[in-house]
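Presented below is the structure to which this report refers.
Starting from 1, each residue takes its place in the sequence as its number.
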Amino acid sequence: MTMPPADDEPTFAHSVLSQRLTRHGVTVQVEIYEDGEGKWILEVVDAQKASHVWDDHFESDHQALAEAIRALEEETVESMAAPAKPDSLH
């Protein structure tokens, strides 16, 4: 039996703009959540299930998605999500 969340636990609205993105051969999951105060949280989850959450929150979910795309295009993608090496596959 699952218990309902406690009243003091925050609930985050999930943006419809959350999606899987692939850039330069690396795929990440972009998650965008409303923070309960009118701003948006950006989280990028890489192939190893490591979560990268931005410290700054965004005015809109569109701005959060634009930042995720900018980061994947402009920053070293490998620093965010390195593809699995063939010798590490099971």
Side-chain angles (χ1 to χ4, degrees):
M1 171 192 272
T2 56
M3 300 294 292
D7 291 337
D8 59 345
E9 289 184 22
T11 56
F12 298 104
H14 193 255
S15 171
V16 297
L17 298 179
S18 296
Q19 60 189 277
R20 190 173 301 271
L21 288 177
T22 301
R23 295 291 186 275
H24 310 290
V26 176
T27 300
V28 296
Q29 180 66 37
V30 175
E31 298 292 348
I32 303 169
Y33 304 94
E34 201 270 331
D35 68 1
E37 297 179 5
K39 295 204 176 189
W40 295 87
I41 300 167
L42 173 60
E43 175 184 20
V44 175
V45 181
D46 68 22
Q48 288 73 37
K49 304 292 184 204
S51 171
H52 308 273
V53 179
W54 271 242
D55 291 330
D56 295 326
H57 294 185
F58 298 87
E59 293 296 321
S60 72
D61 55 349
H62 290 274
Q63 288 177 340
L65 178 60
E67 171 60 18
I69 293 169
R70 184 210 61 80
L72 289 170
E73 289 291 341
E74 295 179 7
E75 295 179 10
T76 306
V77 177
E78 290 77 19
S79 69
M80 193 172 281
K85 295 179 182 171
D87 60 1
S88 66
L89 298 176
H90 296 269

Determine the minimum heavy-atom distance between [X] and [Y], stating which atoms define it.
X: D46; Y: V28; value: CA-CG1, 4.2 Å
X: E37; Y: D35; value: N-OD1, 2.7 Å
X: S15; Y: W40; value: CB-CZ3, 3.7 Å

With sequence neighbours left out, the residues meeting salt bridge (charged side-chain N to carboxylate O under 4.0 Å, His left out) with E59 are K39
Point-to-point distance, once rounded to the nearest 0.5 Å, from NZ of K49 to CD of Q29:
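Spacing of NZ (K49) from CD (Q29) equals 8.5 Å.
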For side-chain contact (heavy atoms from CB on, under 4.5 Å), just list the numbers for W54 and V44, CA-CA rounded to whole Å, side-chain angles, deciding distance to a tenth of an Å, and then say yes or no.
CA-CA 9 Å; W54 271 242; V44 175; 3.5 Å; yes
Can you tell me if S18 uses its side chain to pair, donor with acceptor, with the backbone of I32 under 3.5 Å?
yes
Working note: H24 + E73, criterion side-chain contact (heavy atoms from CB on, under 4.5 Å); need CA distance, chi angles, decisive distance, verdict.
CA-CA 8 Å; H24 310 290; E73 289 291 341; 3.7 Å; yes
Residue list, ring pair (Phe, Tyr, Trp, His ring centres under 6.0 Å) with H14, at least two apart or on another chain
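Once residues adjacent in sequence are excluded, the partners of H14 under the ring pair (Phe, Tyr, Trp, His ring centres under 6.0 Å) criterion are Y33.
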Of H52, H57, E31, E67, which meets side-chain contact (heavy atoms from CB on, under 4.5 Å) against L42?
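It is E67; the other options fail the test.
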